[in-house]
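Step one of this worksheet: look at the structure below.
Values reported hereafter were calculated over all heavy atoms of this structure, with side chains retained and with hydrogens, waters and symmetry mates removed. Here the structure is a predicted model, which means the values were calculated and not measured.
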Amino acid sequence: MKYDFAAIEKKWQDIWEEKKPYAAITGDPRPKFYGLIEFPYPSAAGLHVGHPRPFTAIDIVTRKKRMDGYNVIFPIGYDAFGLPTENYAIKNHIHPAIVTRDNIANFTRQLKMLGYGFDWDRCVNTSDPKYYKWTQWIFLQMFKHGLAYKTTMPINWCTSCKVGLANEEVVDGVCERCGGEVVRKEKSQWMLRITKYADRLIDDLDDLDYIERVKVQQKNWIGRSTGVEVVFKVSNGDEITVYTTRADTLYGVSYMVLSPEHPILEKWKDQIANWDEVAAYQAEAARKSDFERGELNKDKTGVCLQGIRVINPVNNASVPVFISDYVLMGYGTGAVMGVPGHDQRDWEFAMKFGLPIVEVVKGGDMTKEAYVAKDDGIMVNSDWMNGMTVREAIPAMKKYCVEHGFGKEKVNYKLRDWVFSRQRYWGEPIPLVNCEKCGWVPLDESELPLVLPNVESYEPTDDGESPLAKMTDWVNTTCPKCGGHAVRETDTMPNWAGSCWYYLRYMDPNNDEAPFSKEAEEYWGPVDWYNGGMEHTTLHLLYSRFWHKFLYDIGLVHTKEPYAKRTSHGMILGRNPHYVGYAETEEEKQALIAHYGSQALRQSVKMSKSLGNVVNPDDVIKAYGTDTMRVYIMFIGDFEKTATWSDEAVKGSKRFLDRCWNLLELVKDDAAVSPANEALIHKTIKKVGDDILELKMNTAIAALMTLVNQFYSNGCTKGDLKNLVLLLSPFAPHIAEEMWEQLGFAESEGKMAMQMSWPEYDEAKTVDAEHEMAVQVNGKLRSTIRVANDADEDTIVKTALADEKIQRQMEGMQLVKTIVVKNRIVNLILKKA
RNA sequence: GCCGGUGUGAUGGAAUGGUAGACGUGACGGACUCAAAAUCCGUUCCUGGCAACAGGGUGUGGGUUCGAGUCCCACCACCGGCACCA
């Protein structure tokens with residue numbers, strides 16, 4: 001009988017839909033396991049082949065965990081608010097809610113077709129009022145605890161989306177979503193005080209089982225540095241504070257630089273002789289976007305403030321003050337001390353403006369570049385610090401500053417507060433009203449959800465206000481506190497909001513009284529294993545850790561961290577359409593190389609419509625079936641690395657499943673495991689089980705292929721095949737269930753294969769009775785020998801020396817040393833006799 | 001520039017410091033077939049040799065070790081992130 005994947009997959013998907021073997025049971029006495037994947041954004045394009053990679057991997061892990069006796073929760077939902085849907089709605093004049101509904105239906109169809117073990121009864125949708133009621137509720141708790149505040153600040157403004165963006169959403173100076181130009185614009189925005197959690201977001205990483213690069217990237221993003229703030233006296237009697245991590249270089253200060261936006265400049269206006277020049281520079285800097293300021297950083301610019309000087313508190317030296325756009329107002333104090341000898345940026349500035357360069361750490365050549373001295377550099381020209389190492393000098397000088405009353409220790413972060421407002425329609429309304437008398441007032445909790453009203457047009461207004469601002473009926477309301485006139489906030493939340501806590505909602509998705517019950521959270525929390533893309537490391541992952549910590553502080557969750565373990569998958573790329581391998585003749589190949597260059601042609605590229613290299617999972621499933629799709633996407637390569645989709649290679653996975661299937665005709669009707677296959681079966685059980693939990697699905701599948709190959713050469717019994725089917729079931733659940741049934745196990749065991757226990761292996765049986773060992777002479781492989789497993793070193797060496805090839809090597813030589821690594825190699829060290 | 005990662009056959013990729021290239025794709029040969037597809041069996045790192053075998057081989061150059069794809073140092077190339085953060 002032929003392997004009819006289409007019929008088999010339909011059959012089992014229908015059975016699972018009805019019997020719900022994936023239902024997670026809150027409170028069940030078995031140990032729990034919470035496996036999580038990042039829920040998809042339901043785009044109009046549907047699922048692409050990138051999605052199944054992480055989904056299938058965690059699906060396999062959770063299936064293995066079920067077979068290991070865990071009560072598994074593996075949920076799915078939709079991150080449904082966001083700009084692409086809104087833009088689509090504007091373009092096609094369809095309400096975003098309808099677009100979202102249709103897209104979700106399509107995603108659901110595709111996900112079900114992939115045979116994932118999701119508990120569909122727990123499906124969430126962030127744009128559903130029943131869900132965002134609680135997103136709004138959590139926001140209100142943050143507001144009440146002083147973590148949400150409104151401020152006017154320069155924001156990243158996307159000129160195309162007409163929306164404010166978080167720093168994280170600006171990529172290479174353009175909007176991450178649409179690629180539009182980003183400029184700075186003053187706007188009143190809601191902010192979330194994530195910086196208050198900066199230390200905990202760094203320090204708590206230590207106890208988590210996150211892959212290292214995620215930890216490193218989060219730490220770098222938060223960018224904690226410890227230093228000291230030093231107060232300089234100004235010639236006009238004022239004071240100005242700078243921040244430095246290199247207090248040791250204070251004797252090397254030859255000038256000071258302020259950011260062009262520094263507020264004190266306004267105060268000094270009348271004392272600055274060249275104010276016109278200063279004002280012109282300020283205007284110039286304000287015009288540029290942050291990106292432009294960064295781009296043009298090769299050449300330092302600035303203006304000296306004439307009539308103003310500052311006094312270095314350590315040596316009373318009077319030094320000039322400049323403004324320059326290389327100093328950022330948003331970091332530290334907006335003022336830095338210039339130490340050109342030991343900071344490259346300061347060096348460039350000093351060279352440009354002819355400022356003195358003082359060496360305070362020995363060793364560099366100041367005429368060529370700054371000497372960014374290492375920890376054990378020796379201090380010079382620094383009075384009492386001379387002779388100290390930099391490592392000693394930094395804390396010594398910190399202490400000195402503090403004791404002499406002109407400095408204090410200070411920790412700074414690169415992390416900024418999170419811009420939480422969007423001037424868009426398709427997001428959660430912010431449940432606050434602005435009352436003339438009471439200021440910003442939260443809605444009463446009984447008023448939640450504050451439902452997104454229907455509007456006719458979703459276009460943002462030209463002045464940058466949200467489309468909601470045009471709905472005067474909705475905007476004008478009464479103050480919940482005093483009953484007077486008030487206006488609603490018309491900004492909505494960014495699309496990161498709903499994803500900050502969705503893993504909690506899965507635990508108790510239909511609760512109308514609370515975001516989730518205490519009981520459910522205590523049972524399921526924390527997420528045991530969360531897999532997602534590296535691109536979310538400094539966005540979603542950081543934001544949701546922040547929200548979770550807040551929920552912990554107000555006693556809603558019982559763990560400090562939401563996710564115990566985090567792994568990350570590599571992207572699936574497409575072939576460059578001009579890939580040399582596609583050339584049919586040598587001439588074509590040469591022509592391609594001549595035209596495009598050989599390097600570019602080899603590289604894989606992101607799948608995109610314009611390149612025509614997009615692979616649609618629907619097509620793959622239609623041609624080969626879901627199980628083949630699942631096996632191939634796991635077999636494609638190392639899970640963490642990027643991989644290139646190959647239509648050719650998919651066939652190998654299909655062939656493998658065909659070969660599994662065809663064993664049904666070959667199998668001997670014998671319930672026992674055959675002696676010929678026993679050792680390999682035990683090895684494979686161990687290998688596949690271990691590999692799954694390390695996400696090494698590619699080698700697990702390779703091991704299964706090896707086992708099948710052996711079944712073909714040795715023959716196999718029903719007992720052999722039973723083991724194979726169980727091992728195969730997490731990877732290819734449909735074919736496994738069908739084979740299970742056809743072999744009669746469904747009836748004899750009274751369960752589906754997926755409900756069976758993972759087969760046990762006997763460590764003793766994973767090793768063969770006899771081993772092949774390599775024999776090296778002076779580190780070079782010369783022969784192999786077969787020895788019994790329990791052979792002692794003596795026997796092994798004797799066997800090796802008796803080997804014919806080794807005998808030849810021994811001629812005229814003398815044995816000086818032997819190295820034996822059991823079961824692996826013998827190395828004989830020979831010398832001329 | 002800084003941080004992280006990667007570099008292995010024609011190709012995707014395997015290798016706790018211990019026989020480099022498992023497993024798959026492609027290619028080649030054979031069986032089956034009128035033929036093709038599918039399937040099954042075999043070969044496939046390079047050089048020399050009929051062969052046994054010998055020599056070479058994991059980006060480059062050094063080092064540690066009985067033994068290095070793996071560890072250390074320097075360099076090159078590519079990928080990802082950050083980028084005037086004082």
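Across all strands shown, A/Q776 has heavy atoms under 4.0 Å from base atoms, whether or not it also approaches the sugar-phosphate. Across all strands shown, A/R824 has heavy atoms under 4.0 Å from base atoms, whether or not it also approaches the sugar-phosphate. Nucleic acid contact for A/N698: sugar-phosphate only, since backbone atoms but no base atoms lie under 4.0 Å from a heavy atom of the residue. Residue-level contact check: A/I819 touches the bases, meaning some heavy atom is under 4.0 Å from a base atom. Across all strands, A/E772 comes closer than 4.0 Å to base atoms (heavy-atom distances). A/D638 comes within 4.0 angstrom of sugar-phosphate atoms only, judged by non-hydrogen atoms across all strands, and of no base. Backbone-only engagement by A/R782 is indicated by non-hydrogen atom pairs under 4.0 Å involving sugar-phosphate atoms exclusively. A/K687 comes within 4.0 angstrom of no nucleic acid atom, judged by non-hydrogen atoms across all strands. Across all strands shown, A/T784 has heavy atoms under 4.0 Å from base atoms, whether or not it also approaches the sugar-phosphate. Using a 4.0 Å heavy-atom cutoff across all strands shown, A/T537 reaches no nucleic acid atom at all. At a threshold of 4.0 angstrom between heavy atoms, the contacts of A/N220 are confined to the sugar-phosphate backbone, with no base atom among them. Within the nucleic acid shown, A/V216 comes within 4.0 Å of sugar-phosphate atoms alone, with no base atom in reach, counting heavy atoms only. Using a 4.0 Å heavy-atom distance criterion, A/N709 is classed as a sugar-phosphate-only contact.
In this structure B/A86 sits in no base pair that meets the Watson-Crick or G-U test at under 3.5 Å. Searching all strands for a Watson-Crick or G-U wobble partner of B/U19 with both distances below 3.5 Å returns nothing. B/C2 and B/G81 make up a base pair, with Watson-Crick or G-U wobble contacts both under 3.5 Å. When Watson-Crick and G-U wobble pairs are counted only if both distances are under 3.5 Å, B/A10 pairs with B/U25. In this structure, B/C53 forms a base pair with B/G48, meeting either the Watson-Crick or the G-U wobble geometry with both donor-acceptor distances under 3.5 Å. Here B/U65 sits opposite no nucleotide as a Watson-Crick or G-U wobble pair (both hydrogen-bonding atom distances under 3.5 Å). Base pairing analysis places B/C75 opposite B/G59; the two distances defining the Watson-Crick or G-U wobble pair are each below 3.5 Å.
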Please determine whether salt bridge (Lys or Arg N to Asp or Glu O under 4.0 Å) holds for the pair A/D299 and A/K352, giving the CA-CA distance in whole Å, both sets of side-chain angles, and the decisive distance to 0.1 Å. CA-CA 9 Å; A/D299 207 16; A/K352 175 102 184 241; 3.7 Å; yes
Worked verdict on A/T567 versus A/N531 for side-chain hydrogen bond (donor to acceptor under 3.5 Å, both in side chains): CA-CA 5 Å; A/T567 52; A/N531 185 84; 2.7 Å; yes
Run A/D4 and A/K2 through salt bridge (Lys or Arg N to Asp or Glu O under 4.0 Å) and show every step you take. CA-CA 6 Å; A/D4 182 356; A/K2 213 175 154 266; over 6 Å; no
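If you take CZ on A/R566 and CG on A/D209, they are separated by 12.5 Å, rounding to the nearest 0.5 Å. Rounding to the nearest 0.5 Å places CD of A/Q776 at 12.0 Å from CG of A/L830. Expressed to the nearest 0.5 Å, how far NZ of A/K651 lies from CG of A/D658 amounts to 13.0 Å.
A ring-centre distance under 6.0 Å is found for A/Y632 and A/W645. Here A/Y255 and A/F353 keep their ring centres 6.0 angstrom or further from each other.
Nucleotides B/C82 and B/A74 are separated by 26 Å at their C1' atoms, to the nearest Å. B/U58 and B/A15: their C1' atoms are spaced 11 Å apart (whole Å). Separation of the P atoms belonging to B/A36 and B/A31 is 11 Å when rounded to the nearest angstrom. For B/C78 and B/U8, the C1' atoms lie 16 Å apart once the distance is rounded to whole Å. The same atom, C1', is picked in B/G69 and in B/G18; the two are 13 Å apart, to the nearest Å. Using atom P as the reference point in both B/C41 and B/C32, the two lie 15 Å apart (nearest Å). Distance noted for atom C1' between B/U64 and B/C46: 29 Å (whole Å). Separation of the C1' atoms belonging to B/G59 and B/C53 is 31 Å when rounded to the nearest angstrom.
Between A/F639 and A/M571, it is A/F639 whose nearest contact on RNA chain B lies nearer the 5' terminus. Between A/Y413 and A/T706, the residue anchored closer to the 5' end of RNA chain B is A/T706, taking for each the nucleotide with the nearest heavy atom.
To the nearest angstrom, C1' of B/U39 lies 16 Å from CG of A/L657. When the P atom of B/U16 is taken as reference, atom NZ of A/K683 falls 15 Å away, rounded to whole Å.
A/K300 contributes a side-chain N or O that forms a donor-acceptor pair with the base of B/C84 under 3.5 Å.
Listed pair A/Y326 / B/A86 fails the phosphate criterion, with no side-chain N or O lying under 4.0 Å from OP1 or OP2. Residue A/S225 places at least one side-chain N or O closer than 4.0 Å to OP1 or OP2 of B/A86. Between A/R655 and the phosphate of B/C40, there is no side-chain N or O to OP1/OP2 separation shorter than 4.0 Å. Checking the phosphate oxygens (OP1, OP2) of B/G67, no side-chain nitrogen or oxygen of A/K780 falls inside 4.0 Å.
Base orientation at B/G7 is anti, since its O4'-C1' glycosidic dihedral falls outside 90° of 0.
Side chain of A/K641, nearest nucleotide from B/C41, B/C3, B/U6: B/U6.
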